[in-house]
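Okay, so here's the structure we're looking at.
Keep in mind it's a predicted model, so treat the numbers as computed, not measured.
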Amino acid sequence: MMTSPSHSPGNALRRLRQTTPLVHNITNHVAMTPTANTLLAIGASPLMAHAQQEIQEISAISAALSINIGTLSPSWIEAMQLAAMCAHRDGKPWVLDPVGIGASSLRQYACRALLEYRPSVIRANASEVLALAGEMNQGRGVDSGDDGEDALERASRAAVALARTQNCVVAMTGHVDVVTDGQRQITIQGGHALMGRVTAMGCALSSVVAAFLAASLDGHDDTLQATAAALACYAEAGETAGQSVEGPGSFVPRFLDALYTLDADSTLLASRLELTDVT
């Protein structure tokens, strides 16, 4: 468990709600509306923009950037590179979501190009982490695949290796979430099985991570802790939403309500986190 009050997920959530960070999103067609609604529900401000002609102006006013490669096109890739370059140049946090990277060479090319601009966080499922780490050449798309104990251990090792290679934080989400900077590792418990039955839940989470990073820029949290705080809040909202639903159709509005009403003083938030050193 993380015990430092100043680094608690609750305090990170309070800072996000106080600062209302503007998050620039270049995300896929499927995820735009869910991502915007999720950011608004938790207390951030969303901005969707992918036209190259306005990227530099949008980057200048944004507090953080989230890039999602789910529905690529050549012009979008160029816009993503420009946005990542601006964030890197200006020292603003940005999150890469390598959706289905194992599915095509175009996705792999896009990720290689974007990694040149040093994302603050890579938020991915286990299959995507393995593909980025060079341990899996093919994937079946955006699904996480096997999340058994052996698979989780293998993917966790790959996440540590990827974090060290890219000098960033890797947030690997699934049945159990693992966040690592290559030296430390935080495991997050919680969430609900229906989160995997609703499209864009992971995509929206990447943007929520970006919002928490922006809110932590005053030095209260490092990138690892801010990312873990985002995942803990998401997990608690998912668990709360899942307690009174019949299926994925009723889960979405319940989840948004749970994010909106999430109590920063909840003792469950910090108890979801387990911090260990990576050997």
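The two residues P21 and L16 make their nearest non-hydrogen contact at CD-O, 3.5 Å. In this structure, F255 and G238 approach most closely via the heavy-atom pair CE1-N, 3.6 Å. The nearest pair of heavy atoms linking V160 to Q185 is CG2-OE1, 3.8 Å. The heavy-atom pair separating A258 from A237 by the smallest distance is CB-O, 3.5 Å. Of all the heavy atoms in L273 and A228, the pair that sits closest is CD2-O, 4.0 Å. Here the shortest heavy-atom pairing between H24 and S59 reads ND1-OG, 4.3 Å.
T173 contributes atom OG1, which lies 3.5 Å from atom CZ of R123 (distance to the nearest 0.5 angstrom). To the nearest 0.5 Å, atom CD of residue Q225 and atom CG of residue N11 are 11.5 Å apart. Taking OG1 of T187 as the reference point, atom CG of L231 lies at 11.0 Å (rounded to 0.5 Å). To the nearest 0.5 Å, atom OG of residue S120 and atom CD of residue Q166 are 12.5 Å apart. Distance CH2/W76 to CG/N68: 9.0 Å, rounded to 0.5 Å. Distance CG/L259 to CD1/I42: 5.0 Å, rounded to 0.5 Å.
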- Message: As a quick check of understanding, evaluate side chain to side chain contact (heavy atoms under 4.5 Å, CB included) for R112 and Q108, giving each step before the final call.
- Response: CA-CA 6 Å; R112 286 195 301 269; Q108 293 157 22; 3.7 Å; yes

- Dump the intermediate steps for side chain to side chain contact (heavy atoms under 4.5 Å, CB included) on V95 and S207, then the final yes or no. CA-CA 7 Å; V95 178; S207 295; over 6 Å; no

- Using the side chain to side chain contact (heavy atoms under 4.5 Å, CB included) rule, take E274 and I186 through it: C-alpha gap first, then chi angles, then the decisive distance, then the call. CA-CA 5 Å; E274 182 179 352; I186 299 175; over 6 Å; no

- Please lay out, stage by stage, how R118 and C168 fare under the test side chain to side chain contact (heavy atoms under 4.5 Å, CB included). CA-CA 7 Å; R118 298 296 182 186; C168 72; over 6 Å; no

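When hydrophobic clusters are built by joining Ile, Leu, Val, Met, Phe, Trp and Tyr residues whose side-chain heavy atoms come closer than 4.5 Å, directly or via intermediates, L72 is grouped together with I101. L40 and M32 are assigned to two separate hydrophobic clusters, defined by single-linkage of ILVMFWY side chains at heavy-atom distances under 4.5 Å. Side-chain heavy atoms closer than 4.5 Å link hydrophobic residues (I, L, V, M, F, W, Y) into clusters, and following such links, possibly through other members, connects L82 to I26. In the hydrophobic clustering of this structure, V23 does not group with V30; members are Ile, Leu, Val, Met, Phe, Trp, Tyr whose side-chain heavy atoms approach within less than 4.5 Å, directly or through other members. By the rule that hydrophobic residues join a cluster once side-chain heavy atoms approach within less than 4.5 Å of another member, V176 and L268 end up as members of separate clusters.
With contacts defined as side-chain heavy-atom distances shorter than 4.5 Å, the pair I122/P98 qualifies. At a threshold of 4.5 Å between non-hydrogen side-chain atoms, the residues L262 and T240 do not count as touching. Taking 4.5 Å as the limit, some side-chain heavy atom of L224 sits within range of a side-chain heavy atom of R184. A 4.5 Å side-chain heavy-atom check between L132 and L115 finds at least one atom pair inside the cut-off. Taking 4.5 Å as the limit, every side-chain heavy atom of R272 sits out of range of all side-chain heavy atoms of D177. Counting only heavy atoms from C-beta outward, the side chains of L205 and M195 never approach each other to under 4.5 Å. Put simply, the side chain of D277 does not reach to within 4.5 Å of the side chain of Q183, judged on heavy atoms.
Under a 4.0 Å N-O distance rule, the pair E135/R157 does not qualify as a salt bridge.
The 12-atom threshold is not exceeded at CD of E246, counting heavy atoms of other residues, nucleotides or ligands nearer than 6.0 Å. In this structure, R17 places its CZ atom where more than 12 heavy-atom neighbours from other residues, nucleotides or ligands lie under 6.0 Å away.
Taking the six-membered ring where tryptophan is involved, the planes of H29 and H50 are perpendicular, since the angle between them exceeds 60° and thus also 30°.
T165 places no side-chain N or O within 3.5 Å of a backbone atom of L162 that could act as its donor or acceptor partner. In this structure a side-chain-to-backbone donor-acceptor pair under 3.5 Å is missing from E239 to H192. For R107 (side chain) and V99 (main-chain N/O), a donor-acceptor pair under 3.5 Å exists by modelled atom type. In this structure, the side chain of N167 does not engage the main chain of R164 through any donor-acceptor pair within 3.5 Å. Although no hydrogens or angles enter the test, the distance criterion places a donor-acceptor pair under 3.5 Å between the side chain of K92 and the main chain of S62. Between the Y234 side chain and the A204 main chain, no donor and acceptor come within less than 3.5 Å of each other.
Checked by atom type, the side-chain pair N25/T35 shows no donor-acceptor distance below 3.5 Å. E236 and S266 share a side-chain donor-acceptor pair at under 3.5 Å.
Each of S206, P46, P93, P119 was evaluated against S66; a single residue qualifies, S206, per the side-chain contact (heavy atoms from CB on, under 4.5 Å) test. Paired with M172 under the rule side-chain contact (heavy atoms from CB on, under 4.5 Å), one option of V179, T180, V178 passes, and it is V178.
Taking T261 as the reference, nothing meets the side-chain contact (heavy atoms from CB on, under 4.5 Å) condition, with sequence neighbours excluded.
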